Amino acid sequence: MNVEEMKYFSNELLKWYDQNARILPWREHPSAYRVWISEVMLQQTRVNAVKPYFERFMKECSTIQDLAHISEDKLLKLWEGLGYYNRAKNLKRAAQIIEEKFGGRLPSDRKCLQSLPGIGPYTAGAISSIAFGHKVPAVDGNVLRVMSRVLANKEDITCTAVKKEIEKIIYKILPEKRAGDFNQALMELGAVICVPNGAPKCTACPLSPICQGYQQGIEEKLPIKAKKKKRTIEKKTIFLLVYEEYILIRQRPNKGLLSNMWEFPNVEGYLSNQKCKEKMQQWKIDVKQILPLNSSKHIFTHKEWRMIGYLIIINKKPKELKGIWVTKQQILDKYSIPSAFQHYLKILFLQ
DNA sequence: AAATCGGGGAT
DNA sequence: ATCCCAGATTT
């Protein structure tokens with residue numbers, strides 16, 4: 001791209017953004033804290049999914065100081081259902097570091113931001129440019145797609161080298177004045193016009209006159225991405241253990257998948273009705289009634305849980321069982337249960 | 001470089 | 001079913 005085209009790129013993109021920017025909660029009085037929280041929530045997560053979480057989070061935890069001292073229960077509850085729960089833990093850790101080492105204020109420098117947990121190359125660039133106006137790129141999936149089309153670049157955008165190459169090009173195009181708007185505009189264009197999976201809306205695109213992919217008629221073949229590997233399948237049997245108005249839940253380990261989230265007791269594999277009875281004996285549970293429940297499945301990025309379940313009404317609270325007995329209300333108020341268990345959680349609430 | 005980590009909406 | 005999302009971190 002020559003200098004003229006880069007000027008055109010920047011000018012037309014900003015002009016388009018001025019007329020088409022969506023009204024989003026984090027764009028209202030965008031403090032560094034609000035930009036930070038929104039950008040972390042938006043990692044691999046769609047705008048519409050984030051909106052309600054962002055507004056609730058800001059009500060319940062409106063400053064860095066609040067965040068540095070929030071309880072884990074409350075933090076996970078605010079994040080419940082959003083996914084990638086390490087994001088929430090990293091937010092709190094970063095808030096504590098910001099209090100200790102940065103005087104309670106977010107740094108503006110990109111490299112400095114990137115030293116904080118949960119803030120990588122993209123998020124550091126986004127905060128630095130959007131909240132502080134620094135001239136730094138913020139290259140996310142949208143930007144990679146838009147640029148691979150504009151440049152008709154047929155390299156694999158999942159490669160680190162290609163990402164760095166795009167960052168360099170963006171840096172050259174970035175305007176001195178409105179770097180934050182430019183970065184947001186490029187992402188917005190990717191989300192609204194230069195969409196993935198099928199036909200981008202090139203006739204409505206301000207960059208089509210300089211888009212090489214469009215002019216070569218290969219825009220729908222771009223970007224090039226390596227194929228993902230298949231998901232592994234895991235079978236599980238879920239137990240809804242109910243004693244009077246209490247239900248047994250347990251906390252997952254603090255590492256790995258859904259770490260520190262709460263779940264219903266479960267075992268690997270499908271247990272028959274008979275094997276389920278035996279398992280209850282093994283756990284020394286005084287069973288009153290066993291009811292088989294409908295199967296359910298939950299798809300993660302890299303694995304798939306196929307589940308069956310049993311509703312088990314019991315006569316006495318067993319002592320030595322791992323977990324805690326809670327009411328439905330306590331689950332709603334305090335304990336975070338991931339969406340994977342939604343099917344069985346719903347059954348519980350029908351009881 | 002590849003694997004891990006969630007959940008949901010669009011196609 | 002597959003893809004992808006305002007990615008980061010660990011292996």
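Quick caveat: nothing in here was measured; it's all calculated off a predicted structure. Letters A, B, ... mirror the listed sequences (proteins, then strands); counts begin at 1.
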Identify all side-chain donor-acceptor contacts of residues 90-101 of chain A below 3.5 Å with residues at least two apart in sequence or on another chain.
| residue | atom | partner | partner atom | Å |
| --- | --- | --- | --- | --- |
| A:Asn90 | OD1 | A:Arg93 | NH1 | 3.1 |
| A:Asn90 | ND2 | A:Asn86 | O | 3.3 |
| A:Lys92 | NZ | A:Ile70 | O | 2.7 |
| A:Gln96 | NE2 | A:Ala68 | O | 3.3 |

Indicate every side-chain donor-acceptor pair of residues 235-243 of chain A with a distance under 3.5 Å to a residue at least two apart or in another chain.
| residue | atom | partner | partner atom | Å |
| --- | --- | --- | --- | --- |
| A:Thr237 | OG1 | A:Gly269 | O | 2.6 |
| A:Thr237 | OG1 | A:Leu271 | N | 2.9 |

Could you pull out all donor-acceptor pairs under 3.5 Å where a side-chain atom in residues 143-154 of chain A meets a protein atom, sequence neighbours excluded?
| residue | atom | partner | partner atom | Å |
| --- | --- | --- | --- | --- |
| A:Arg145 | NE | A:Cys194 | O | 2.7 |
| A:Arg145 | NH2 | A:Asn142 | OD1 | 2.8 |
| A:Arg145 | NH2 | A:Gly190 | O | 2.8 |
| A:Ser148 | OG | A:Arg145 | O | 3.1 |
| A:Arg149 | NE | A:Glu219 | O | 3.0 |
| A:Arg149 | NE | A:Leu222 | O | 3.0 |
| A:Arg149 | NH1 | A:Cys194 | O | 3.2 |
| A:Arg149 | NH1 | A:Val195 | O | 3.0 |
| A:Arg149 | NH2 | A:Val195 | O | 3.3 |
| A:Arg149 | NH2 | A:Leu222 | O | 3.1 |
| A:Asn153 | OD1 | A:Glu155 | N | 2.7 |
| A:Asn153 | ND2 | A:Glu155 | OE1 | 3.1 |

If you look only at distance, which donor and acceptor atoms sit under 3.5 Å apart when one is on a side chain in residues 158-173 of chain A and the other is two or more places apart or in another chain?
| residue | atom | partner | partner atom | Å |
| --- | --- | --- | --- | --- |
| A:Thr158 | OG1 | A:Asp156 | OD1 | 2.6 |
| A:Thr158 | OG1 | A:Asp156 | OD2 | 3.1 |
| A:Glu167 | OE2 | A:Arg110 | NH2 | 3.0 |

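Applying a 4.0 Å cut-off to non-hydrogen atoms, the residues of residues 52-88 of chain A that approach DNA chain B are A:Gly81, A:Leu82, A:Gly83, A:Tyr84, A:Tyr85, listed by residue number. At a non-hydrogen distance threshold of 4.0 Å, A:Thr160 from residues 160-178 of chain A come into contact with DNA chain B.
Taking atom P on both B:dG6 and C:dT11, the two are 15 Å apart, rounded to the nearest angstrom. Rounded to the nearest Å, the gap between the P atom of C:dA6 and that of B:dT11 is 14 Å. For the C1' atoms, the distance from C:dC5 to B:dA1 is 22 Å, rounded to whole Å.
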Just the atom pairs and distances: protein N or O near nucleotides 9-11 of chain C's N or O, under 3.5 Å.
| residue | atom | partner | partner atom | Å |
| --- | --- | --- | --- | --- |
| C:dT9 | OP1 | A:Gly118 | N | 2.3 |

Produce the list of close N/O pairs, under 3.5 Å, pairing protein atoms with atoms of nucleotides 1-4 of chain C; give distances to one decimal.
| residue | atom | partner | partner atom | Å |
| --- | --- | --- | --- | --- |
| C:dC3 | O3' | A:Asn197 | OD1 | 3.1 |
| C:dC4 | O2 | A:Arg46 | NH2 | 2.8 |

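Among the nucleotides B:dG7, C:dA8, C:dA6, the one closest to any side-chain atom of A:Pro338 is B:dG7.
For the side-chain hydrogen bond (donor to acceptor under 3.5 Å, both in side chains) criterion with A:Asn260, the lone passing option out of A:Lys255, A:Gln251, A:Glu72, A:Arg252 is A:Glu72.
A donor-acceptor contact shorter than 3.5 Å links the side chain of A:Asn266 to the backbone of A:Phe264.
A salt bridge does not link A:Lys316 to A:Asp286: none of the charged nitrogens lies less than 4.0 Å from a carboxylate oxygen.
The ring-ring contact (aromatic ring centres under 6.0 Å, His included) contacts involving residues 118-145 of chain A comprise nothing, where partners must be two or more places apart or lie in separate chains. Residue pairs that meet the salt bridge (charged side-chain N to carboxylate O under 4.0 Å, His left out) test with at least one member in residues 48-63 of chain A, sequence neighbours left out, are A:Glu60-A:Lys74. Applying the ring-ring contact (aromatic ring centres under 6.0 Å, His included) rule to pairs touching residues 323-346 of chain A yields A:Trp262-A:Tyr335, A:Trp305-A:Phe341, sequence neighbours excluded.
Comparing A:Met261 and A:Gly198 along DNA chain B, the residue whose closest nucleotide (by nearest heavy atom) sits nearer the 5' end is A:Met261.
In this structure, A:Ala185 and A:Leu13 approach most closely via the heavy-atom pair CB-CG, 3.7 Å. Minimum interatomic distance between A:Tyr85 and A:Trp79 (heavy atoms only, all atoms of both residues): CE2-O, 3.4 Å.
The CH2 atom of A:Trp305 sits 15 Å away from the P atom of B:dT4 (whole-angstrom rounding).
Residue contacts for A:Gly190: at a heavy-atom cut-off of 4.0 Å it reaches no nucleic acid atom on any strand shown.
With sequence neighbours excluded, the residues forming a side chain to side chain donor-acceptor pair (under 3.5 Å) with A:Arg306 are A:Glu304, listed by chain and number.
Contact of A:Thr45 with B:dG8 (side chain to base): no donor-acceptor pair of N or O atoms is detected under 3.5 Å.
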